[in-house]
Undergrad: 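Please see the structure below; I have some questions.
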2 protein chains.
Amino acid sequence: MKKRLTLKLIAKELDVSISTVSKALRDSAEISEDTRQKIKAFAKLYNYKPNNIALSLKNRKSKTIGVIIPEIVHHYFTTVISGIEQVANEKGYHVIICTSNNSFDKEVINMEILANGSTDGFILSVAKETQQKGDYHHLTEVIEQGMPLVMFDRVIEEINCDKVIIDDTLGAKKAVQHLVNLGCKKIGLISTIDYVSVGKLRTQGYLEALSENNLELNESLILKVDDFDQSEEEISRFLSDKSMDAVFAVNEHFAIYAIKAFKEQGLDVPKDVSVIAFTDGELSKRFIPSLTTINQHGEEMGAQAARLLIKKLENDDSEDEPFETIIIETGLVERNSTKR
Amino acid sequence: MKKRLTLKLIAKELDVSISTVSKALRDSAEISEDTRQKIKAFAKLYNYKPNNIALSLKNRKSKTIGVIIPEIVHHYFTTVISGIEQVANEKGYHVIICTSNNSFDKEVINMEILANGSTDGFILSVAKETQQKGDYHHLTEVIEQGMPLVMFDRVIEEINCDKVIIDDTLGAKKAVQHLVNLGCKKIGLISTIDYVSVGKLRTQGYLEALSENNLELNESLILKVDDFDQSEEEISRFLSDKSMDAVFAVNEHFAIYAIKAFKEQGLDVPKDVSVIAFTDGELSKRFIPSLTTINQHGEEMGAQAARLLIKKLENDDSEDEPFETIIIETGLVERNSTKR
DNA sequence: TTGTAAGCGTTATCAC
DNA sequence: GTGATAACGCTTACAA
């Protein structure tokens, strides 16, 4: 096992002082051309690389970004990470990813650990449990310590920090408007219960779209799924005997369950019923029929979040900079689950 | 902005020496009950947390694991990460994830950066480009420096390190055997070109299964997809006029394209043709018909890899321990794309 | 029982 | 042009 080369070792080997080596390697003009060459050659030959940890300690910054997300086995979040990574690497930052598994405790612990020097700032999408609990002390603490925090997707309004979100309400409106434009009149909604903020917002968009088009609101056409594991049956039950001509689902999975349920009722999508979903993932593309969706542009969200964070990190007097909220525009991806 | 509390600050505040504080906080018997209480109370009150970076520097270990994967937007890899994280966190390790994007250069750079103190060891699945290139200097270097390395999924035989793999050949055999058991005789294969080791191994399993069942090998029933982006058309072309009664695809996507192609030919899956796929993902579950697959147990792979690595990390004389190769057993998940 | 000092690997300041 | 020294935050012999 080869020992890692340090400045000290080089210095000893070349019989100069540590500071000379340090300066030579950083091309300081103080050092004579001669020694500089010699030292650099030696360092190169033995493949010297400075120790990041020592640098972090010295500079009091780690050049790394901590990302905390609710789940990793989730297409949308991986696209966000991908966007974060690209921008971060471009600007010389690493990324540490931790998952909260939607647990409040794990979110808190992860933040605490990373905040102890490992990370210069955070990009975070809060855990479901945190949203329910309404306990945000870990977030405020980190902010008070002067660590920049950027929240994305599932954000907390009361927390003062940069945010990157999509306009869920507008996206939902777009979806419903698309259905209306196709001539649909009896449009169902499959959403989640309201403490999940996106569920609430998308429901609101649905309502607004209806009213803007002078369509009557019919509460019996709205389903709020409580338990994801039971959702397939819930949806199937909900969809029977409602004679809708379209359904707007707040995610791919609900949309697919809806399509299955319709099929079982002998209805064809899109001939008899149109289905549109929020969230554009692998499933939407491949399913038959492929799904018309509202795209959330995860990669762009990640990229923007990283840019916001790095801007704060590299701005010395970011203290008095105001916080920004970037709204990513959603896009309609027209495929085969809505008729033309 | 609150400043982070350090031992030094506590010492000054309480008018004791730094080492007294350090010892007190670590419950050293050297310190009197009195001062210990006082110091601990103060630390607790002001929420002292030791600085990880300083600890890393001091202990010359970071208690973090570097994970390098080809892509993050990929269901299988996320399940592996999930497994790694669980075990790692349990044992007090963090996880840094980097993606190589299947680029050799990015893989090398990531490893170099992480190797400079950020990480105690690596878990890695090699980039496609690295496999093609056959240049493994970054791997051997890291090993020579005494950093344990565990490879998973896409491993390199020549490299001496712990490995976690699935038995691709056996898995493929299982798949084909399943088809044979269902009475299929003319079984096609949709694979990738051979430099991707899994493509090669799974192809081999296919061949072995055929010969074990005394089925004739027909080269025209084998497709090796070169360009993923073109695969849909390639597969569709390949499948026309072959009159197979079954297809084994080395991943979900190929299987789905196959099903689509069959449909367009007016054939029903599974009534007319059976389709089975390697890799069990989201798509397999939700697609209609749902896919019969060979499950790779990504989470378990990740967990095992993490266990192997941590074992090496915590074993002082791991130097002379032999390297292990753990083989994860694949499982057949029977769903609707194969007839009964 | 408490404190001093060296060291982890680096850089910046200042002296020679 | 080169080197000694202090500092980043922490632990740990060793001294007092």
Side-chain angles (χ1 to χ4, degrees), chain A residues 2-40 42-43 46-64 113-120 145-146, chain B residues 2-40 42-43 46-64 113-120 145-146:
Chain A
K2 247 180 3 196
K3 263 195 67 125
R4 263 204 102 68
L5 201 52
T6 64
L7 293 185
K8 203 189 201 173
L9 287 173
I10 301 184
K12 194 158 77 179
E13 211 58 42
L14 263 42
D15 217 34
V16 290
S17 77
I18 297 179
S19 51
T20 303
V21 178
S22 171
K23 284 172 191 160
L25 291 176
R26 331 191 78 235
D27 279 322
S28 158
E30 285 179 36
I31 305 297
S32 74
E33 187 59 24
D34 239 34
T35 21
R36 205 192 315 169
Q37 291 305 334
K38 193 177 60 180
I39 291 173
K40 291 187 90 170
F42 185 92
Y46 292 104
N47 193 28
Y48 168 78
K49 296 272 164 50
N51 179 312
N52 285 324
I53 296 292
L55 286 176
S56 294
L57 186 58
K58 183 94 192 81
N59 303 328
R60 279 115 133 268
K61 58 174 85 163
S62 57
K63 281 283 210 173
T64 101
I113 296 179
L114 293 186
N116 296 322
S118 312
T119 263
D120 297 338
Q145 279 174 27
Chain B
K2 247 183 357 199
K3 265 197 67 142
R4 263 204 103 66
L5 202 52
T6 64
L7 292 186
K8 204 191 205 171
L9 287 174
I10 301 184
K12 194 159 78 179
E13 210 58 44
L14 263 44
D15 216 36
V16 290
S17 78
I18 297 180
S19 59
T20 303
V21 178
S22 172
K23 286 173 192 161
L25 291 177
R26 332 189 77 239
D27 279 322
S28 159
E30 287 180 32
I31 306 298
S32 72
E33 188 57 25
D34 240 34
T35 19
R36 204 194 314 170
Q37 291 306 333
K38 192 176 61 180
I39 292 174
K40 292 188 88 172
F42 186 92
Y46 292 104
N47 193 27
Y48 169 78
K49 297 272 163 52
N51 178 312
N52 284 325
I53 296 291
L55 286 176
S56 293
L57 186 58
K58 180 87 195 133
N59 304 329
R60 280 114 135 271
K61 59 173 85 161
S62 58
K63 282 285 213 170
T64 100
I113 296 180
L114 293 187
N116 296 322
S118 313
T119 262
D120 297 338
Q145 280 175 27

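Predicted model, so just to flag it, every value in this text is computed and none were measured. Residue numbering restarts at 1 for every chain, and letters A, B, ... go by the order of the sequence lines.
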Undergrad: Using a heavy-atom cut-off of under 4.0 Å over every strand shown, decide if L55(A) touches base, sugar-phosphate, or nothing.
TA: sugar-phosphate
Undergrad: Of all nucleotides in DNA chain C that come within under 4.0 Å of a heavy atom of chain B, which is furthest toward the 5' end and which toward the 3' end?
TA: dT1(C) to dG9(C)
Undergrad: For N51(A) and T6(A), indicate whether the former's side chain and the latter's backbone hold a donor-acceptor pair under 3.5 Å.
TA: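 Flag not set: sc N51(A) to bb T6(A) has no pair under 3.5 Å.
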Undergrad: Are N116(A) and L55(B) close enough that some pair of their side-chain heavy atoms sits under 4.5 Å apart?
TA: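 Sidechains of L55(B) and N116(A): no contact.
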Undergrad: Give S56(A) one of three labels, base, sugar-phosphate or nothing, depending on what nucleic acid heavy atoms sit under 4.0 Å from its own.
TA: nothing
Undergrad: If I take atom CD1 from residue I39(B) and atom CG from residue D34(B), how far apart are they, to the nearest 0.5 angstrom?
TA: 10.5 Å
Undergrad: Using only atom types and a distance under 3.5 Å, with no angle test, would you say the side chain of T20(B) pairs donor to acceptor with the backbone of I31(B)?
TA: no
Undergrad: Do L9(B) and R4(B) have side-chain heavy atoms sitting under 4.5 Å apart?
TA: no
Undergrad: Distance from N52(B) atom CG to N59(B) atom CG, nearest 0.5 Å?
TA: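 Taking CG in N52(B) and CG in N59(B), the distance rounds to 10.5 Å.
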Undergrad: Looking only at heavy atoms, what is the nearest atom pair of D27(B) and K40(B), with distance?
TA: OD1-NZ, 2.9 Å
Undergrad: Want to settle it: does R60(B) or I31(B) sit nearer the 5' end of DNA chain C, counting the closest nucleotide to each?
TA: I31(B)
Undergrad: What residues in residues 16-27 of chain A put a non-hydrogen atom under 4.0 Å from any atom of DNA chain D?
TA: V16(A), S17(A), S19(A), T20(A), K23(A)
Undergrad: Would you please name every residue forming a salt bridge (Lys or Arg N to Asp or Glu O under 4.0 Å) with K12(B), sequence neighbours left out?
TA: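 Scan of K12(B) (salt bridge (Lys or Arg N to Asp or Glu O under 4.0 Å), adjacent residues dropped) gives none.
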Undergrad: Sub-3.5 Å donor-acceptor pair from the side chain of S62(B) to the main-chain atoms of S56(B), do we have one?
TA: no
Undergrad: Please identify the 5'-most and 3'-most nucleotides of DNA chain D with any atom under 4.0 angstrom from a heavy atom of chain A.
TA: dG1(D) to dG9(D)
Undergrad: How many angstroms lie between atom CG of L5(A) and atom CZ of F42(A), to the nearest 0.5 angstrom?
TA: 6.0 Å
Undergrad: Find the bend of the helix from dT1(C)-dA16(D) to dC16(C)-dG1(D) as the angle between its two terminal axes (five pairs each), to the nearest 10°.
TA: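 Terminal axis comparison yields 70°.
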Undergrad: Closest approach of A43(B) and I10(B), non-hydrogen atoms and distance?
TA: CB-CD1, 4.2 Å
Undergrad: Taking the nucleotide of DNA chain C with the closest heavy atom to each, which residue, K58(A) or E33(B), is nearer the 5' end?
TA: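 Its nearest nucleotide lies further toward 5', so the answer is E33(B).
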Undergrad: Using the test salt bridge (Lys or Arg N to Asp or Glu O under 4.0 Å), find all partners of K23(A) that sit at least two apart in sequence or belong to another chain.
TA: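 Partners of K23(A) by the salt bridge (Lys or Arg N to Asp or Glu O under 4.0 Å) criterion, ordered by chain and then number, come out as E30(A).
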Undergrad: Rounded to the nearest 0.5 Å, what separates atom CG in N47(A) from atom CD in Q145(B)?
TA: 7.5 Å
